[in-house]
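What you are looking at is a predicted structure, and each value in this text was computed from that prediction instead of being measured. Because only heavy atoms are used, hydrogens play no part in the values below, and waters and symmetry mates are left out as well, while side chains stay in.
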Amino acid sequence: MNDVIRKVVQAEDEARRLVEEARAAADLIVAGARNKARQLTEDTRLQTKTGVEQLLATADREARLEKQRRVDAVAAGLDGRFRPDIAARQGAVDAAVRCVCSGKWRKQLSDRG
């Protein structure tokens, strides 16, 4: 009978040892999985950040180019509209010289003030 009890106790001890080993192995697997998940999360975050920074840089560059194209287009349109011909420029210069030389500009300034 003692032999049977001893075998039962040994079997229980062996079962406890096997359960503890299984728990320790499971804890290692879980810890490894958590570390892997953290690393994957960090890698994904870094890749996303890099991708977003590249997208922002591209969008900024394209916006600057579009702005420059629009400014150039407006400037080209204004350049043709506001460039007086030589005769008109000469007439404006002559009128300014006559005004200054005749002293009319002093009278106009005193009338305003």
Practice prompt. Determine whether the side chains of Asp94 and Gln90 contain a donor N or O and an acceptor N or O closer than 3.5 Å.
Written response: yes

Worksheet item: To the nearest 0.5 Å, how far apart are OG1 in Thr41 and CG in Leu46?
Response: 12.5 Å

Discussion item. Working to the nearest 0.5 angstrom, can you tell me the gap between Leu40 CG and Arg45 CZ?
Written reply: 12.0 Å

Worksheet item: Any salt bridge between Arg17 and Glu20, counting N to O under 4.0 Å?
Response: no

Discussion item. Suppose we screen for salt bridge (charged side-chain N to carboxylate O under 4.0 Å, His left out). Which residues come up paired with Arg64, at least two apart in sequence or across chains?
Written reply: Asp60

Worksheet item: Which pairs, with at least one residue in residues 27-37 and sequence neighbours excluded, count as a side chain to side chain donor-acceptor pair (under 3.5 Å)?
Response: Asn35-Arg38

Worksheet entry | Worked check of side-chain contact (heavy atoms from CB on, under 4.5 Å) between Glu66 and Arg69 | CA-CA 5 Å; Glu66 179 61 23; Arg69 280 193 291 269; 3.0 Å; yes

Discussion item. Using side-chain hydrogen bond (donor to acceptor under 3.5 Å, both in side chains), reason through Asp43 and Gln39 one step at a time and then give a plain yes or no.
Written reply: CA-CA 6 Å; Asp43 290 348; Gln39 187 61 46; 2.9 Å; yes

